[in-house]
Amino acid sequence: LILSYAPLCVAAGGVENFVIGSEFRRLTAIRDANNAFPFVQDLVVLANDVKSILGPGTKVTYAADWTEYFGYHPQDGSNDLYYNLDPLWSSSSIDAVGIDNYMPLADWRENGDPQEVEATQYSVEYFMRNIAGGEGYDWYYASKQDRQSATRPPITDGNGDPGV
């Protein structure tokens with residue numbers, strides 16, 4: 001399907017950007033006996049094929065589901081962590097890392113944000129601060145009670161590393 005769309009884009013005069021797929025999280029998590037990810041390998045081949053059809057002037061990406069961003073964590077008790085999409089995102093045919101994420105822009109409440117003194121629903125500065133570092137990015141709610149009290153622990157891997 002994707003390989004039939006790419007030539008249509010060329011015939012129509014070209015496109016600036018092209019997404020080879022979106023949110024295939026179940027497929028990108030399938031690993032073989034050698035702990036390789038065959039679907040991801042096929043996405044790399046697809047990206048190469050699309051780039052060769054559309055040319056270097058078109059930016060190509062894959063739009064990952066937000067849960068794919070932090071790698072694949074098999075639920076087998078091993079505590080393994082695989083950065084399964086790295087071969088795709090590091091491919092010379094991929095021009096941007098795409099993450100589909102539908103996080104709230106801010107933790108706005110009817111009476112304002114309890115941790116922001118001058119927050120209003122019309123404050124551009126307040127929303128810019130939240131976009132730059134907010135829920136699901138710098139902090140999260142560990143429980144319903146945390147959400148109600150606006151207790152926002154920082155996001156780490158449990159050992160203080162915010163990178164995982």
Side-chain angles (χ1 to χ4, degrees), residues 1-76 78-108 113 123-141 152-164:
L1 181 65
I2 296 300
L3 291 176
S4 66
Y5 286 152
L8 291 174
C9 291
V10 172
V15 293
E16 292 180 23
N17 305 296
F18 193 93
V19 178
I20 61 169
S22 180
E23 301 189 23
F24 292 130
R25 71 183 189 95
R26 300 254 184 199
L27 296 172
T28 61
I30 296 171
R31 61 188 163 136
D32 63 19
N34 298 316
N35 288 324
F37 294 85
F39 188 79
V40 175
Q41 293 168 343
D42 287 344
L43 284 174
V44 172
V45 171
L46 180 60
N48 293 336
D49 292 346
V50 166
K51 188 64 120 172
S52 71
I53 294 167
L54 297 175
T58 299
K59 292 185 179 6
V60 175
T61 192
Y62 164 71
D65 179 81
W66 72 273
T67 59
E68 293 176 278
Y69 173 71
F70 53 86
Y72 172 62
H73 302 254
Q75 301 301 304
D76 59 6
S78 66
N79 287 326
D80 287 340
L81 169 60
Y82 297 94
Y83 292 102
N84 54 321
L85 290 179
D86 281 2
L88 176 63
W89 285 334
S90 65
S91 164
S92 61
S93 296
I94 293 292
D95 298 289
V97 173
I99 307 291
D100 294 342
N101 191 358
Y102 310 101
M103 300 297 289
L105 288 180
D107 188 29
W108 183 256
D113 186 328
S123 170
V124 173
E125 293 81 14
Y126 166 72
F127 284 103
M128 293 301 289
R129 280 193 307 275
N130 276 267
I131 291 169
E135 184 176 357
Y137 180 78
D138 280 337
W139 53 268
Y140 70 105
Y141 289 125
R152 302 169 176 164
I155 295 175
T156 71
D157 67 349
N159 296 314
D161 183 356
V164 177

Spatial distance of atom CG (L8) from atom CG (L3) [nearest 0.5 Å]: 11.5 Å
For the backbone of T67 and the side chain of D65, can you confirm whether one donor and one acceptor N or O come within less than 3.5 Å of each other? yes
Angle between ring planes, Y141 versus W139, binned at 30° and 60°: parallel, tilted or perpendicular? perpendicular
If we count only N and O atoms by modelled type, under 3.5 Å, do the side chains of E16 and T58 hold a donor and an acceptor together? no
Side-chain donor-acceptor pair under 3.5 Å between Y140 and R152, yes or no? no
From L1 CG over to S4 OG, what is the distance, rounded to the nearest 0.5 angstrom? 5.0 Å
Please name the pair of heavy atoms, one in L54 and one in A6, separated by the smallest distance, quoted to 0.1 Å. CD2-O, 3.3 Å
Between V40, L46, D42, T61, which is the residue that forms a side-chain contact (heavy atoms from CB on, under 4.5 Å) with L88? V40
Heavy atoms only: give me the nearest G98-W89 pair and the separation to one decimal. O-CZ2, 4.0 Å
Classify the angle between the aromatic ring planes of F24 and Y62 as parallel (below 30°), tilted (30 to 60°) or perpendicular (above 60°). parallel
Short N-O contact, D95 and K51, less than 4.0 angstrom: yes
First locate atom CD of E68, then atom CG of L27, and finally report the distance between them rounded to the nearest 0.5 Å. 9.0 Å
Side chain D100, main chain S22, donor-acceptor under 3.5 Å: no
